Structure formats: structure tokens, C-alpha cells
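What follows is one structure encoded as C-alpha cells, with my remarks underneath.
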Amino acid sequence: MFSGIDEVDWASMEHAYGPADDVPELLRGLASEDPAEREAALDGMYGAVHHQGDVYACTLACIPFLFELALDPGVQDRGSVVELLTSIGGFDLDEDDEAEIDEDEVEGVANYAMAAAAVTAGAGVFFELIADEDPGVRLAAPLALATLHRHPVQVLALLRERLPMEPDEEVRLALVEAAGRVALRHRPLAGRVAQWLGRLASRAHSPGLRLAALAQLARCSPEGLPGDVVPVVSGLLREMRSPMEGDAAQGDGPDPDRDPDAEPVDPDTEPVDAEPPAAGETCRGEQVATPTLVGQLRSLSAQESAGRGAPWAADLLRTLHVGLDDRVGDRTALLADQLRSPDRRQRIDAVRMSGGLIRAWRGPYEELVALVGDQLSDPEPRLAEAASHVLEELFGLAAPAADALAARLADRPGDWVKSWASGPPGLGSTVKALARLGDARAVPALAAALELSQVAHDVGFAVGHLGAAAQPLAGALRSRLAEVELDEGAYDRASPLLAGLTGLRAGEATPEVLRVLRGAPEYRGEWLRTAALRALGSFGPAAREAVPELRALISRQGTASATEAAEALWAISGDAEAVLPALIEGLQSHQVHERRAAAVALGSLGPRAAVVAPRLRGLLAHEELWLRVDAAIALWEVSGRSQETVEALLAGWERSRHVRVRVAECIARMGPVPEGSAAAHVLRSELASVRRHNAMDGGYGSHDIHEDEKLLALCRRALRGTGKGTTA
């Protein structure tokens, strides 16, 4: 093994962390008899040689040796090697990607292409490995074939041929998943795959295999799903939960539901000489606890799967939900059924998937949210915590669970504030969820948080969501702010308190805020002054004693503080003549964020700032989208002319989903939108969309649902009374 490995000039190559001269040691480590050494070597391969999916020259040089490892029956954990090869060679570059490649990416793309060619050229070996004695290899080989082999028709034939012979249930599911992958990669074969999956889904003996077939059918040919997919899946889940029915499904006895006069079962669905794995046997081989990233991920996966009769069921359900896509009604009904399951683990999965559904799709979720709220009282901590984290993101949509949140809050005061190994403490998810509902029952928890030696970093935002209900906290916020030492840590300690006072518009705290404004240290001082000025502005005329301080700051024209001070002074005194020069100066700043702040402040002056209309109009062609949007809004506010503003706002709407809430806020303030106008068409199209405007594949923000629901409310408000407005 490894013939010629020392002849490769590894030192001349690099990986993610420098010279690649350690790669031969990593490759030999993959063949070690020591499980810990194998795990460390695998971690090194993913961490350096194939870092975040990258392909380097040394990655290409590894491919022949990885194939040797995969084919040597004396090597343990070869399934991981097959997975590594699949990842290295599974790069797809479509025409759109090719059009976007710049000069700096050419070499990297060439490496991807060479890796794909090299692994694909050797993909025939996976035909042999699909029947390997090692179940871990058999588990990895189907996806490798589906991803890498050049002849998908042959791959499909092998998958179907192998299914009735395969004794391991998890490997059988991998064979079905591979068929779905073939259908997605080779669309002309989708119909053929869908027919096979349909037969498996309707007649397969194992409920797990039937669920796998339905999941892949949803993924590659959703139109082929049965009309009663929700009750079918719910029935399969119940069958998988039942030990007696589970035994029957493994072939240990006759199926009592089978009609003896029915036609014979498709041979594709019946395992031959199926034997369950021996006690303690897994498809992945021997597992060890190692301090590597790969080891930690496997450990977490093992913890998640511990005690589950069918640990793969959650993955199948996630695949099914992805395939159901915008069928929100079906997905909601399925999740509601899962949330009523006696199986806590199934409910944990359902809670998490409910969060994913609500985060990406609009719909009526009252029943689903109430069921998630029911999990808060469960004694299983992971279930209750998962539910509280989902509800935390829902803001107003969490209303059906308000009483359940309040009950958990009262029952678990120790969870009101969470401490971390590093960084400031934060509010518990139950507190945040209830506060974001504006529910006064969160106030005692916030009061307790303000008594701690270190205030939670997010307490101010929670106070802001509660509004007037949190007024009793104003005194505590003032006294804590008065105690803040104005040293290098002042911003971290003072900003939560300033945010809370801003949300309450607590003008009586002006002396404490002025102390912070005057004594802001050099470190993060600009941030601290911004927070203090924002608080003073929110106080309005109640902060009149701050006027001399603000006038002094305005005199430093051309600075961010001058713009922010001018905005605060206008809110407090209404003296347009005093603030206009500073805001006009800010509009000419070289910093885009300062120009935006000046535009927003000028808009708040309304017609008193009409003199700046030409300057704002000139910014409508600026390259920075957010500045164009802010300038357009300010232009309408100072001039009252909506036509050119709306044109600019709608152009921004189409350009980026991220500006839509800001645009809708302005259009809603303009008054009812005329029927048949461009604005009406855009707003109605948004309301008709089932997909949330800010839904992202592979990521999300904690306020995404709140922002999208706000957008919907603004669209409805703007359209209310359509036909009476003047918006063009």
C-alpha cells in the first residue's frame, strides 16, 4: 500500500494551514489499527487537505492513495474514506457558476474539475464496494455511485438489484436515497425513479423503507406523492414506534395487515436472509471519543441517536419536509401529528422542524405554535428547551403559547438568565419569548436580571419590546446606569441599560445618560456616545437639560457625533435652524453610514428641510442601495413629492429583499396605494407569496420571522382603502 507516496513532492504543495509535508502521515493514519489515530487523521484530512470543501494540489495527489485505502479489506473505517472521496470528487459547476468565475478563482475551479474527473474515473470501484462485508462501506458506496459514476442507468439497476439482498436497514435506506440523488442529477431518469419509489412507498414491508421512498419521492418527483401523504406518513411513524409492529416489519413474523389474496410483494422490497446487526454493531465501525472536530460531531450524533429505535427517521422526515416545500398545509398537519406523539424524541425533532417551517414559509400556525408551547411543561429538558428556543424567534406569532411560556417562566426562575464561559450573561429563551410578545409577565424576570452583578447583554432589547408594561423597571435601569464605571468596559455594561431607557423613553434618566455621554472612554467611546445620544433623542422634550451639551457636539461638524447630536437636538427642541447645517454637512460625508444617518435625520425635519431636496435627489443615483433608499424616503418627507420617490423605492425593492421593510414603511405612511399602480402590484405580489421574503437556504437570523411579519402588516396597511391614495 501507498506505493510511490514518498516520491510525491508534498513539501512543494500547500493545504489550508501551510506546507503539505504532513499529508503522507495523515494518509497512513487512515490505515492505522488505532481508532483514535484514524479519527485524528480523518480530522486532519477534512480540516486541512479538504478544508471546508476546498481542493488543493495536495488534495488531488491524495486521490490514488484514498482509493487504495477504500479497496483494502484490512483497513478499518473505510466507509469514512469513501465519504471523503465522494466529497472531494462531488463538485458540480453549472453554466451560471462558470459565468461568475473571476481571475482569482480560476486555479481553484480547475482543481475542483480535476478532482471530479479523477474520482469519477475511478468510480467503478464503488460497484464492488456496494456489496462489501463492512456495513460502513456499504452505507457510503450508494451515494458515491449516485454522485460520481458516469452511467446513471447502470447505477440505478445496481441499486434496485442490491436492495432485496441488503440485510442492514440503514444501508437499505442509503440505497433509496442514492436513487433519489440519481433522479435529481439526471432529470430524464426522474420518471423511472419515481415509479420505483412509488412501488416501494406503497408496498414495502419495512415502514422505514416506505418512509425513505416517500421522502425521496417528495425530493425528486413531489407530484408523485399520494394525496393522503400526511396520514400515510403518520401511520408509518406509529408503526415504527411500536415494538411489536417493528419486529414484524423486520421479517420476524407475518404482517397481520396484509391481505392474503393480494398480489405478491415486489421483490425489490423484500430482504433476502435479512439479519439484524449483532448487539453493539454499527454501520460505522468502532467509535472512540477523540478531541477532534470529526470526533465531536460523531459524539453529538451518537448522543442524539442514543435510545432511538430508528435514529435515521428524523433525517427522513427532514428530507420529506424539504421535498414538500411550499405545501405548508401538509407540512403543518404532519408536524402537528408528530407533536402529539408519545415519543419524546419524535417531538424534539418535530419542534425543531416546526421552527424551520415557520422561519421559511408563511401560513396559519396557531395550532402548531400551541402544540410547541405544550412541550414546555415536559420533564425532558431537551424537549422543553428546544420548544422555548423556537418560540423565542416567533415574536407575535408565539401568542398561542403565551400562557405556557408564563407557566414555565414562573416554574424555573433559575433559567431567567444564562451565564457563559466567556462573555456577558444573556436572558433565557423563555424570558425573551414572553417579552417579545409584550407580555407583562416577563417583567419580574427582567427586574431580577437587573439586580445581578453583571446585567444581561440583551435586557434592554427585551424592555423595548415590552414598552409601557416595563415602566416599573425605569428606576432600576437608572440606578444601574449611574453605577457604571466609565472605563474600557463601559460600553458592554452601559449599552443594555441605555437600550432599555431608550425603549421606555424615560426622560427622567437624562442626568445619568449625560454622565455617560460626557465621560465616554476612548475605547468604544463612539459606540457608547451613539447609544447615549439615541436615548436622549427618544426622551424628546423631557431631555431639555441636554440641549447645551448637544449644541456643543453639533459644533464639531463633519463627525458622526455631530449628526447624531443634531438628530437628538431636533427631537428635544424642534430647532431646525440649529441642526440643519450639521445635517447638511453629514450628507456630504465620505462615510456612507454617516450620509445615511444624515438623510434619515433630515427626513424627520419634514418640510423645514426642503432646502436639501436637490441634494437628496442627487443621491438617488448613488451606487450604495441603502443610501438610495434612505435618500428617497427623506426626499418624500421634505418635499411631499411621491412619484420620483416611489420609483426609486420600487427599484430598490426589486434589487434587494433586505430593503423591503424600510420601503414598505414609507409607502404605508404615504397613504392608501391606488389600485392598478406599480406599488399596488408589488405589494400584492408580496402578500401572495408563501415564501418569507428573507428566507435563506442554509442560514437565518433571529429576527427574520418578526421582520417578515412586519413586512406583511405594512403591505396590508398600505393597500387598505386602495383607490383613495396618491402614491404613483
Side-chain angles (χ1 to χ4, degrees), residues 388-389 392 395 405-406 408-410 412-539 543 702-703:
S388 65
H389 282 297
E392 171 193 336
F395 289 78
L405 283 165
R408 180 170 173 81
L409 192 72
R412 302 179 67 88
D415 290 345
W416 289 355
V417 177
K418 299 285 188 181
S419 296
W420 313 103
S422 60
L427 295 174
S429 56
T430 308
V431 181
K432 287 192 283 188
L434 204 57
R436 288 171 175 180
L437 278 171
D439 195 310
R441 288 174 287 187
V443 171
L446 298 179
L450 287 171
E451 293 176 0
L452 299 176
S453 58
Q454 190 174 11
V455 174
H457 70 89
D458 44 4
V459 71
F461 299 112
V463 169
H465 288 296
L466 282 167
Q471 194 62 45
L473 302 175
L477 289 165
R478 284 186 68 186
S479 61
R480 291 304 302 267
L481 187 61
E483 298 168 359
V484 170
E485 293 185 23
L486 300 178
D487 54 17
E488 288 193 350
Y491 175 77
D492 290 332
R493 292 191 296 271
S495 59
L497 305 169
L498 289 167
L501 292 168
T502 300
L504 293 176
R505 301 181 184 275
E508 65 273 23
T510 299
E512 289 80 11
V513 176
L514 279 174
R515 183 184 78 90
V516 171
L517 181 64
R518 293 165 181 153
E522 183 176 348
Y523 180 67
R524 292 182 174 177
E526 184 178 343
W527 298 356
L528 190 55
R529 281 189 291 273
T530 295
L533 289 168
R534 188 174 293 127
L536 292 170
S538 75
F539 299 163
S702 61
H703 285 52

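Since this is a predicted model, take the numbers as computed values, not measurements.
The two residues Trp416 and Pro444 come nearest to each other via the heavy atoms CZ3-O, 3.9 Å. Ser538 approaches Leu501 most closely through the heavy-atom pair OG-O, 4.4 Å. Between Ala470 and Val443, the shortest heavy-atom distance links the atoms CA-CG2, 4.3 Å. Across every non-hydrogen atom of Ala410 and Pro413, the tightest pair is O-CD, 3.8 Å. The shortest heavy-atom contact between Leu409 and Arg441 is CD2-O, 3.3 Å. When all heavy atoms of Leu498 and Ala531 are compared, the pair lying nearest together is CD1-CB, 3.7 Å.
A donor-acceptor pair under 3.5 Å is formed between the side chain of Arg480 and the backbone N or O of Leu450. The closest donor-acceptor contact from the side chain of Arg436 to the backbone of Glu392 lies under 3.5 Å. Under a 3.5 Å cut-off, the side chain of Arg493 and the backbone N or O of Glu485 do form a donor-acceptor pair.
Checking Val417, Leu477, Leu427 one by one against Leu446, the side-chain contact (heavy atoms from CB on, under 4.5 Å) holds for a single residue, Leu427.
Distance CG/Leu517 to CG/Leu528: 8.5 Å, rounded to 0.5 Å. Note that NE2 of His389 is 8.0 Å distant from NZ of Lys432, once rounded to the nearest 0.5 Å. Atom OG in Ser479 sits 8.5 Å away from atom CG in Leu497 (nearest 0.5 Å). Here CG of Leu437 is found 6.5 Å from CG of Leu405. Values are rounded to the nearest 0.5 Å.
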- prompt: Do Leu481 and Val516 pass the side chain to side chain contact (heavy atoms under 4.5 Å, CB included) test, and can you show the C-alpha distance, the side-chain angles, and the key distance before you say yes or no?
  reply: CA-CA 8 Å; Leu481 187 61; Val516 171; 3.8 Å; yes
message: For a side chain to side chain contact (heavy atoms under 4.5 Å, CB included) check, start with the C-alpha distance between Leu536 and Leu514, then their side-chain angles and the critical distance, and finish with the verdict.
response: CA-CA 8 Å; Leu536 292 170; Leu514 279 174; 4.2 Å; yes
task: Decide yes or no on side chain to side chain contact (heavy atoms under 4.5 Å, CB included) for Asp492 and Arg524, but give the supporting numbers first.
output: CA-CA 9 Å; Asp492 290 332; Arg524 292 182 174 177; 2.8 Å; yes
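Of the charged side-chain nitrogens involved, none lies within less than 4.0 Å of a carboxylate oxygen, so that Asp458 and Lys418 do not count as a salt-bridged pair. Electrostatic pairing of Glu512 and Arg515 does not count as a salt bridge here, judged by no charged N lying under 4.0 Å from a carboxylate O.
No more than 12 heavy atoms of other residues, nucleotides or ligands lie within 6.0 Å of CD in Glu526, so this atom counts as exposed by the packing criterion. Under a cut-off of 6.0 angstrom, the local environment of CZ in Phe461 is sparse, with at most 12 non-hydrogen atoms contributed by other residues, nucleotides or ligands. Other residues, nucleotides and ligands contribute only 12 or fewer heavy atoms inside 6.0 Å of the CZ atom of Arg505.
Looking only at side-chain heavy atoms (C-beta outward), Thr510 and Phe539 come within less than 4.5 Å of each other. Residues Leu504 and Gln471 have side chains in contact (heavy-atom distance under 4.5 Å, counting atoms from C-beta outward).
Between His465 and His703, the ring planes are tilted. Angles from 30° to 60° get that label.
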